[in-house]
Protein chains: 2
Amino acid sequence: MSAAPEPSDVRSRILTEATRLFAARGYEGTSIQQVAAAAGITRPTLIYHFGSKEGLRREVLEQLLSHWRDDLPRVLAAAQTGTDRFRSALDAVLSFFRDAPDRARLLSREMLDRPEEMTTLFAEHLQPWTSLITDYIRRGQAEGRIRLGIDPEAYLVQILHAAIGVIATGGATQHILRDPPSAERQLAELFRIAKVSLFKDRPHDFGASDGQLL
Amino acid sequence: MSAAPEPSDVRSRILTEATRLFAARGYEGTSIQQVAAAAGITRPTLIYHFGSKEGLRREVLEQLLSHWRDDLPRVLAAAQTGTDRFRSALDAVLSFFRDAPDRARLLSREMLDRPEEMTTLFAEHLQPWTSLITDYIRRGQAEGRIRLGIDPEAYLVQILHAAIGVIATGGATQHILRDPPSAERQLAELFRIAKVSLFKDRPHDFGASDGQLL
DNA sequence: CCTACCGATCGGTAGG
DNA sequence: CCTACCGATCGGTAGG
């Protein structure tokens, strides 16, 4: 008996290739013909599964955001203490993107291409757990561990931008410099910036004056 | 006598509209027909001026980077003292993008679409003055004003990513939050993060514990 | 899941 | 700076 592919096999292959190609060349820069060829099928077959190119885009995006929505809250809940929670939260976000830079690129592209739609999707998928973080910051401020000058919402957005930006387009940006930092140096410095600009100075809290946390 | 347009008039109108459309919809998402219509000419006329769509892209990008190359060094040279130099440098970069968010969007898109080309262009146009900044940071570290834990190159890249990201796609990202911060709050927080994570804590240095510098 | 076909739009050229 | 035209590719459909 021949190895009959389970029903969702072709479908998930299409999604995988579409994610990769949309991330690398953009939605407008990718033809469904190219996606179909990469998945080893013909164009009408792709249309049969997703209805249209627009339908394919929606499912690619849905898959990306659902991963975030379902997995991150679990990670955040796991960490207990103050600095541990900070560290594991930032670690979770960075790992999510670093394990698959396509996610960061796709997200950057969609924010540029369809800001209004992403506004809505962000509100649905991300607000629940971003609230956890801003609440955590305000509690830390009340308890004297966290700097009073911080704007919690703006702080979070800013750190996320730095994280997404450096992973999505890191390869290029590093060459504004004569001596481009490695990806590890880059992420270690992001950790340091995030930590130092969040907590009040307690020099030997953890990691001494360096931010080598990864 | 009719108002005869000076020779470069049509050309610069094309460049202006191309910048706007490429920034909003991307290079692949914009047809030269759309650019030509926005500039009030026909498609073959655009080709006559720029040779090809690719030629148009190159000139749009060259115009963007030359502005940076020519103007920013002047601004950086103007500021003298330590904190003033820091402040005016960051101010110059943020103003450059905030005055024309299309620049941030276009730069983000090009970094995603053509990382290798941008690597080369960055090396040519930006390295001279990024070196000024990393040298400044190392001097500050030697003099004890600036934190020793900093990785100067990685720090600079990270702050630039936060700045470009928040201006290019700020409208969308803010809605990951229940109470989205305004653009001014966002930029003020970026200033605070950049300052606090750079200088050693001297509480009343300038701006007290807040980063309201804009 | 495929072959065969559709109109529309793409970037670019000829020629003036 | 324009009109008229080119082949190629686009997303999508008919029909099986």
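Throughout, a chain's letter reflects where its sequence line sits, starting with A, and its residues are numbered from 1.
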Exercise. Name all residues meeting the salt bridge (Lys or Arg N to Asp or Glu O under 4.0 Å) criterion together with B:Arg103; count only those two or more places apart in sequence or in a different chain, and write none if there are none.
Key: none
Quiz item: Got a sec, which residues hit side chain to side chain donor-acceptor pair (under 3.5 Å) with A:Thr120, two or more places apart in sequence or on another chain?
Solution: none
Self-check item: Residues forming a side chain to side chain contact (heavy atoms under 4.5 Å, CB included) with B:Glu62, sequence neighbours excluded
Solution: B:Ser66, B:Arg69, B:His125
Quiz item: Can you list the residues that meet the side chain to side chain contact (heavy atoms under 4.5 Å, CB included) rule with A:Pro152, with sequence neighbours excluded?
Solution: A:Thr134, A:Ile137, A:Arg138, A:Gln141, A:Ile150
Self-check item: Footprint string (nucleotides 3-8 of chain C, 5' to 3'): B base within contact, S backbone only, - free, heavy atoms under 4.0 Å
Solution: BBB---
Quiz prompt | Stretch residues 24-37 of chain A: residues that reach within less than 4.0 Å of DNA chain D through a heavy atom | solution = A:Thr30, A:Ser31, A:Ile32
Self-check item: Results of ring pair (Phe, Tyr, Trp, His ring centres under 6.0 Å) for B:Phe97 - residues two or more places apart only
Solution: B:Trp68
Self-check item: Whole-Å distance separating the NZ atom of B:Lys53 from the P atom of C:dC10
Solution: 9 Å
Quiz item: Applying salt bridge (charged side-chain N to carboxylate O under 4.0 Å, His left out), which residue pairs with at least one partner in residues 18-37 of chain B are found, sequence neighbours left out?
Solution: B:Glu17-B:Arg20
Quiz prompt | All side chain to side chain contact (heavy atoms under 4.5 Å, CB included) counterparts of A:Glu117, not counting sequence neighbours | solution = A:Arg57, A:Leu61, A:Arg114, A:Leu121
Practice problem: Take atom CZ of A:Arg57 and atom P of D:dG11, then tell me their distance rounded to the nearest Å. | Solution: 14 Å
Exercise. Between B:Ser52 and A:Leu46, just flag the one whose closest nucleotide in DNA chain C comes earlier from the 5' side.
Key: A:Leu46
Practice problem: Starting at atom CD1 of B:Ile47, determine the distance to atom P of C:dC10, rounded to an integer number of angstrom. | Solution: 13 Å
Self-check item: Non-neighbouring partners of A:Tyr155 that pass ring pair (Phe, Tyr, Trp, His ring centres under 6.0 Å), sequence neighbours left out
Solution: none
Quiz prompt | Contacts of B:Thr42 that satisfy side chain to side chain contact (heavy atoms under 4.5 Å, CB included) - sequence neighbours left out | solution = B:Pro44, B:Thr45
Exercise. In sequence, state the C-alpha distance, the side-chain angles, and the governing distance for A:Arg139 and A:Asp135, and then conclude on salt bridge (Lys or Arg N to Asp or Glu O under 4.0 Å).
Key: CA-CA 6 Å; A:Arg139 206 161 47 241; A:Asp135 288 351; 5.9 Å; no
Practice problem: Identify all stems in which DNA chain C takes part, counting only runs of at least 3 consecutive pairs (Watson-Crick or G-U wobble, each distance under 3.5 Å), and give each as one range with another, ordered by first number. | Solution: C:1-16 with D:1-16
